[in-house]
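Quick caveat, the model's predicted, so the values are computed rather than measured.
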Amino acid sequence: MDTDDADGREYDPDAPHAFPDEKLNRVLPAVVEDPEVRAYLDAQNVNAVKRKGYNDHGPKHIEIVRNRALRLYELLKRAGVPFNGAADQGLDEADEPVVVALAATLHDVGHVVHRDRHAYYSIPLAADLLDRLLSEFYETEAAVRAKAETLHAILCHHTEEDPLTREAGVIRVADALDMERGRSRIPYEKGGRGINTLSSRAIRNVTLSEGDDAAVLVEIEMVNAAGVYQVDNLLKAKLRDSTLEDHVRIVAINTKEESGLVERIEL
């Protein structure tokens with residue numbers, strides 16, 4: 001992968017990667033194109049957006065989180081940061097990005113039950129999907145172990161649960177990196193003016209690249225001080241206890257605030 005592709009907007013299966021990508025490149029298209037998975041991703045936005053007025057939690061959110069999770073994983077692997085989830089289960093390095101991609105795709109399916117405590121509802125729903133999906137690519141024991149790691153990563157995107165693996169930490173942080181203004185378009189157009197919506201509207205751009213003093217540099221462009229909530233509350237909370245704190249540097253710059261109240265935040 002070219003080191004200049006700082007935004008990492010879309011995972012490219014044909015690019016060279018800092019990890020074995022053959023298995024991921026077989027599994028990912030099957031997951032993305034699966035009719036049942038696609039139905040869940042559409043359905044999970046009903047409670048989140050239509051009924052509760054929250055920011056997007058549907059197919060677009062999942063696409064962004066999955067791409068940013070794989071980008072984050074790529075940058076960490078490029079820097080030699082070790083991962084332990086698949087390894088602890090006796091799985092191969094090639095299984096790490098599969099766990100990351102599956103967890104990113106299914107982490108919010110619990111929203112079909114309720115927005116509240118959705119991470120816990122995601123577990124049984126994702127477990128059923130994983131039983132079917134993984135059986136196409138893994139023998140029984142390996143499928144169980146990959147399923148276990150994926151479910152752990154799904155659960156730990158919720159800040160109430162501490163990730164015990166770097167794969168889970170990647171999902172936790174990547175979830176918070178979907179913060180740009182497009183995510184709040186629907187609730188904003190419907191009149192939503194809550195802090196989640198307004199703070200998201202203040203974020204113009206998020207890029208991930210190699211850092212000078214950390215494996216990953218996350219750069220966030222804000223257009224007014226409302227974006228501070230996304231950075232200092234939501235992203236900071238996700239990064240804390242993620243296992244990635246020492247490897248990710250966050251710089252947020254306010255480019256439009258006339259008052260100059262907030263010009264730069266570094267985490």
Side-chain angles (χ1 to χ4, degrees), residues 1-29 31-32 62-105 107 146 149-150 152-154 156-157 163-180 205-221 231 235-236 238-253 266-267:
M1 181 177 290
D2 188 340
T3 57
D4 293 331
D5 59 343
D7 57 3
R9 293 290 176 181
E10 185 174 355
Y11 172 74
D12 181 0
D14 295 323
H17 297 112
F19 56 86
D21 60 6
E22 296 86 357
K23 186 175 289 186
L24 172 65
N25 292 340
R26 293 197 305 271
V27 174
L28 187 55
V31 173
V32 171
I62 296 304
E63 179 184 356
I64 292 171
V65 171
R66 184 174 57 239
N67 282 322
R68 290 196 171 155
L70 289 170
R71 173 64 173 166
L72 184 56
Y73 172 72
E74 163 79 25
L75 291 167
L76 291 164
K77 293 293 286 189
R78 191 183 294 173
V81 176
F83 279 70
N84 64 302
D88 288 348
Q89 293 286 358
L91 296 172
D92 296 330
E93 183 183 8
D95 298 309
E96 294 171 358
V98 173
V99 168
V100 168
L102 288 171
T105 303
H107 76 278
E149 290 307 306
T150 302
H152 174 72
I154 288 171
C156 294
H157 89 273
L164 303 179
T165 70
R166 286 245 160 80
E167 289 93 329
V170 164
I171 300 304
R172 182 185 178 105
V173 173
D175 185 40
L177 290 175
D178 180 18
M179 61 171 65
E180 289 140 305
N205 195 37
V206 177
T207 61
L208 282 72
S209 61
E210 292 182 355
D212 293 330
D213 53 1
V216 183
L217 172 63
V218 177
E219 295 179 286
I220 301 166
E221 180 188 358
V231 179
L235 180 53
K236 184 177 180 179
K238 292 275 191 172
L239 184 60
R240 185 187 307 119
D241 298 324
S242 67
T243 78
L244 303 183
E245 301 96 316
D246 294 336
H247 306 290
V248 176
R249 181 179 174 226
I250 298 168
V251 176
I253 300 174
E266 293 195 27
L267 300 178

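Among residues at least two apart or in separate chains, salt bridge (Lys or Arg N to Asp or Glu O under 4.0 Å) pairs with a member in residues 83-93 are Lys77-Glu93.
Contact between Asp95 and Ala86 at its shortest, heavy atoms only, is CB-CB, 4.2 Å. Minimum interatomic distance between Val81 and Ala215 (heavy atoms only, all atoms of both residues): CG2-CB, 4.2 Å. Nearest heavy-atom pair across Ala69 and Ile171 is CB-CD1, 4.1 Å. Taking all atoms of both residues into account, the shortest heavy-atom contact from Val248 to Val218 is CG1-CG2, 3.9 Å. Nearest heavy atoms, Leu28 versus Ala101: CD1-CB, 4.1 Å. The two residues Arg26 and Pro29 make their nearest non-hydrogen contact at O-CD, 3.6 Å.
A search for side-chain contact (heavy atoms from CB on, under 4.5 Å) contacts involving Pro13 returns Tyr11, Asn25, not counting sequence neighbours. Take Lys238 and apply the side chain to side chain donor-acceptor pair (under 3.5 Å) test, not counting sequence neighbours, and it matches Asp175. Among residues two or more places apart in sequence or in another chain, the side-chain contact (heavy atoms from CB on, under 4.5 Å) test is passed with Ala214 by Arg249. Ala146 is linked by a side-chain contact (heavy atoms from CB on, under 4.5 Å) to Leu91, Leu134, Tyr138, counting only residues two or more places apart in sequence or in another chain. Residues forming a side chain to side chain donor-acceptor pair (under 3.5 Å) with Ser242 (at least two apart in sequence, or on another chain): none.
With a 4.5 Å cut-off on side-chain heavy atoms, Asp212 and Leu217 do not count as touching. Taking 4.5 Å as the limit, every side-chain heavy atom of Phe19 sits out of range of all side-chain heavy atoms of Glu96. Considering only heavy atoms from C-beta on, His157 stays 4.5 Å or farther from Val65 through its side chain. In this structure, Glu221 and Thr207 have side chains that are not in contact, with every pair of non-hydrogen atoms separated by 4.5 Å or more. With contacts defined as side-chain heavy-atom distances shorter than 4.5 Å, the pair Leu70/Val100 qualifies. Residues Val170 and Leu244 form a side-chain contact, since some pair of their non-hydrogen atoms from C-beta on lies under 4.5 Å apart.
Distance CG/Leu24 to NE2/His17: 8.0 Å, rounded to 0.5 Å. To the nearest 0.5 Å, the span separating NE2 on His247 from CG on Leu72 amounts to 11.0 Å. Taken to the nearest 0.5 Å, the CG atom of Asp178 stands 10.0 Å off from the CD atom of Glu63. From Leu177, atom CG reaches atom CG of Leu239 across 9.0 Å, with rounding to the nearest 0.5 Å. Here Ile253 contributes atom CD1 and Asn205 contributes atom CG; the two are 11.5 Å apart, rounded to the nearest 0.5 Å. Going from atom CZ of Arg66 over to atom CD of Glu10 covers 9.5 Å, rounded to the nearest 0.5 Å.
Ion pairing between a basic and an acidic side chain is recognised when a charged N comes within 4.0 Å of a carboxylate O; Arg78 and Glu74 show such pairing.
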(request) Show your reasoning for whether side-chain contact (heavy atoms from CB on, under 4.5 Å) applies to Val32 and Thr105. (result) CA-CA 8 Å; Val32 171; Thr105 303; 5.6 Å; no

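Put simply, the side chain of Arg166 never gets that close to the backbone of Asn84: no donor and acceptor are under 3.5 Å apart. Formation of a donor-acceptor pair under 3.5 Å by the His152 side chain with backbone atoms of Leu164 is found in this model. Glu167 places a side-chain N or O within 3.5 Å of a backbone atom of Gly85 that can act as its donor or acceptor partner.
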